[in-house]
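In what follows, residues are counted from 1 in the order of the sequence shown. Note that ligands are numbered from 1 as they come in the structure, with each ligand's atoms numbered from 1 the same way.
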Amino acid sequence: MTTVHVPGACPHDCPDTCAWTVTVTDGVATGVHGVKDHPITSGHLCVKMQRYEERTYHPDRLLRPLVRTGPKGAGHFREASWDEALGAVRDGLTRSIDDHGPLSVLPYSYMGTMGELQGSSMDRRLFNALGTAHMDGTICLAAGAWAWGLTYPAGWPATDIESVAEADLVVAWGANMVSTHLHFWPYFLQARKRGGTIVCIDPVRTKTARASDLHLAPRPGSDGALALGLLHVIFAKGWEDTDFLTERTTGADELRARAAEWPVERAAAATGLPESAITDLATRFAEAKASFIKLGPGAQRHADAGQAFRAILCLPAVTGAWRHPGGGAHVHSASTFPARASAMERPDLRPPDAPTRSVNQVQLGRALAGTYDELGPVAALCIANTNPAVVCPDSGAVLSGLAREDLFTVVLEQFMTDTARYADVVLPATTQLEHLDVVKSWGHRYLTLNRPAVAPRGESRPNTEIYRMIGAALGLEHPALSDSDDALLATYLEGYDAETVAQLHTRGWVKVQPAEDARARVMLRSEAMGRMGLDPLPDAPDGPAPFDGLPPATGLGEPLLVLTPKSHYFLNSTAVNHQRLRKMAGEPSLLLAPVDADARELADGQLACLRSEHGALTVPVHRSEDVLPGTAVLVSNWWNRDFPGGAGANALTGQALTDVGGAPRFQVHAHLSPI
Ligand SMILES: Nc1nc2c(c(=O)[nH]1)N[C@H]1C(S)=C(S)[C@@H](COP(=O)(O)OP(=O)(O)OC[C@H]3O[C@@H](n4cnc5c(=O)[nH]c(N)nc54)[C@H](O)[C@@H]3O)O[C@H]1N2
Ligand SMILES: Nc1nc2c(c(=O)[nH]1)N[C@H]1C(S)=C(S)[C@@H](COP(=O)(O)OP(=O)(O)OC[C@H]3O[C@@H](n4cnc5c(=O)[nH]c(N)nc54)[C@H](O)[C@@H]3O)O[C@H]1N2
Ligand SMILES: [Mo]
């Protein structure tokens, strides 16, 4: 018996990007453990991934290529050889290109794996060489990331999460840290231990809210008004850091004038919070030296998300929190790492003068229906690393698009997801234990190596290998399309200095320092916003969005604002098929304030119908004091097939976009009625 320990990285779309060690006995992975001396992972993995080997050895793993034998979406397939499956992909893509041009082919890939190799390398090279359309990845934190970039210039990195222990006021603003940023929470606790205060700003009393010292529950979508109210108090009391504003910002006087328009009464009316809560929080921000704000992707699910984030992001500049270790704000840390896209994805492989087409990921429904742009419906779809049938807004539109008989769809997957069921060809992909990769983080500053621990199961192949095979089947001969995974890794690491690369190889992980520019200035007024036709100063709506477009009420009471936050037990729609986690998670259900349940005469556990302007679903309701009256919480991302009627959360959501970043508005109004 031989046992070895192989260094790896959790590949999933989570800010924590853990370093793990895989125990392998006689070629079989028997356990996955968080690396003890990795500062962030600190020896423990989350409940979702602590038995990652269950995913690799899951009985439902796809182990052979499949070709469709029944109607689209029915899930009827037969096994095929790789040769046959690749031939079908070659024919499907060639037909689409011959009949409608290369821009009719849409590669559709997101962060199912965040690895530099398996996430975005050989796939982009292949599609660049073919001159296909390009998917614009907006589904997660694009609004917040844009708001950051419109406020903080290049050279101004987000606060290092490891320094947050030194902060004296730590704020989880629309971030459910205990569930979604688990490995950052200890820094919040350390800050508290040193005398700091933890504040949670969330319309829902989440695990994080319960564990915080102070919980404010503003109306969803009203964070901009709250931040402007806070700024009002700070400026009115003269608590701003004048030196910092003069030296490190532009537009301070204009922001002061804007904040003057937001007296506490106005902010209270817009947020539904008591005036005293706003004044109290403003005082805490002013009294703290190093206040730190973690802004979660979950708070940007509405029309005005960009402006709301800009307003929040002005706070640490106005109070001068950035001066102090641990102070500042954090949306994401992706800019820590050197940009390697051109070397990895090779846009230079595109045919010279080839036209381009960019398709917003969250408007897949329109792209499939032919209403996205002037270029007609997408004719061939190549999906990897994502499950749009579940996670993409307006799933009714997505599913009717995927059901089109004239659409060719190939899906690279580990499991028969709701999306893979609609494929013409399904190609079996490896899991993180079976392939090489290197993973950066969007939360902290470490780069982590993932060596393959075991051989691929069955006939599964790494995404990179599958794209090399598709390229060869299409007769493409450019040498960049046959680079091995080792070569791709070497190319990625050319962006780092020799010492960093050596540390990565010997220890499995390494900290990267972002570039900093001491002359950079915070843009309290954003000229770029102005050029986009938007208000260059942060602003906010005075009240909840109107119920435009909702069908007439079918039940009792006013429409509810439905939120779809993350599950503690699943990673987006990944791991929803793991029995261990399903048992802990229970079943899809709608959490409702008791007053709203009573108004609709709904008993606990009763099935109800939720209907928005876009679609409807059936779900049992549960009364909960954790939810504000007028809102309802549908924890995501259960698969569509897990709901009683087969329609999941995104049956309710639409394809409208946020003010900046082209991101989805998952917050949606819906009528709720008993069945
Ligand atoms: N366990 C687990 N962890 C995850 C994930 C997962 O699926 N499961 N997904 C990963 C991914 S991809 C992401 S993007 C992150 C997301 O990380 P988070 O942003 O922390 O996750 P969410 O649950 O989407 O949203 C956080 C909170 O925002 C609140 N919220 C909703 N609307 C508003 C609003 O208008 N204002 C305010 N202030 N709060 C609001 C919700 O009630 C929710 O509690 O988590 C990552 N980590
Ligand atoms: N209603 C609502 N919808 C949401 C959200 C919400 O808050 N509300 N959140 C949104 C957010 S923040 C995000 S980030 C998206 C996430 O949505 P997605 O990016 O689609 O993430 P997952 O649902 O985890 O699906 C990832 C898929 O990739 C597959 N996969 C993993 N590794 C590999 C690999 O190496 N190769 C291949 N070929 N496949 C692999 C997994 O099996 C899984 O099926 O969902 C969004 N959808
Ligand atoms: Mo996300």
| remark: Exactly one of Q50, R51, M49 clears side-chain contact (heavy atoms from CB on, under 4.5 Å) with V47, and that residue is Q50
| note | The residue among V6, L433, T41 that forms side-chain contact (heavy atoms from CB on, under 4.5 Å) with W20 is L433
Any N/O of [X] closer than 3.5 Å to an N/O of ligand 1?
X: S179; result: yes
X: S567; result: yes
X: V204; result: no
X: D223; result: yes

| said: Can you list everything that forms a side-chain contact (heavy atoms from CB on, under 4.5 Å) with T430? Sequence neighbours excluded, please. | reply: E434, H435, P456, S460, P462
Could you check ligand 2 for N or O atoms lying under 3.5 Å from protein N or O atoms and list the pairs with distances?
unit_1   : atom_1 : unit_2 : atom_2 : d
ligand 2 : 1 (N)  : T564   : OG1    : 3.1
ligand 2 : 1 (N)  : N650   : OD1    : 2.9
ligand 2 : 1 (N)  : N650   : ND2    : 3.4
ligand 2 : 3 (N)  : N650   : ND2    : 3.1
ligand 2 : 7 (O)  : T564   : O      : 3.2
ligand 2 : 8 (N)  : T564   : O      : 3.3
ligand 2 : 8 (N)  : T564   : OG1    : 2.8
ligand 2 : 9 (N)  : K566   : NZ     : 2.7
ligand 2 : 20 (O) : T386   : OG1    : 2.7
ligand 2 : 20 (O) : N387   : N      : 2.9
ligand 2 : 23 (O) : S573   : N      : 2.8
ligand 2 : 23 (O) : S573   : OG     : 2.5
ligand 2 : 24 (O) : L571   : O      : 3.3
ligand 2 : 24 (O) : T574   : N      : 3.4
ligand 2 : 24 (O) : T574   : OG1    : 2.5
ligand 2 : 32 (N) : Q414   : NE2    : 3.3
ligand 2 : 36 (N) : N385   : OD1    : 3.1
ligand 2 : 36 (N) : N463   : OD1    : 3.1
ligand 2 : 36 (N) : N463   : ND2    : 3.1
ligand 2 : 38 (N) : L412   : O      : 2.9
ligand 2 : 38 (N) : N463   : OD1    : 2.9
ligand 2 : 39 (N) : N385   : OD1    : 3.3
ligand 2 : 42 (O) : R55    : NH2    : 2.8
ligand 2 : 42 (O) : E413   : OE1    : 2.9
ligand 2 : 42 (O) : E413   : OE2    : 3.4
ligand 2 : 42 (O) : Q414   : OE1    : 3.3
ligand 2 : 44 (O) : E413   : OE2    : 2.5
ligand 2 : 47 (N) : V391   : O      : 2.9

Please list, in number order, the atoms of ligand 1 under 4.0 Å from a heavy atom of [X].
X: W173; answer: 38 (N)
X: G174; answer: 19 (O), 26 (C), 27 (C), 28 (O), 37 (C), 38 (N), 39 (N)
X: G221; answer: 34 (C), 35 (O)
X: I201; answer: 38 (N)

| message | Assess the residue pair R55 and D60 against the criterion (salt bridge (Lys or Arg N to Asp or Glu O under 4.0 Å)); give the C-alpha distance rounded to whole Å, side-chain angles, the decisive distance to 0.1 Å, and a yes or no. | response | CA-CA 9 Å; R55 189 164 182 81; D60 299 340; over 6 Å; no
| query | With a 4.0 Å heavy-atom cut-off (strictly under), which part of M177 contacts ligand 1: side chain, backbone, both or neither? | reply | neither
| task | State whether the side chain of H12 and the backbone N or O of C14 hold a donor-acceptor pair below 3.5 Å, judged by distance alone. | result | no
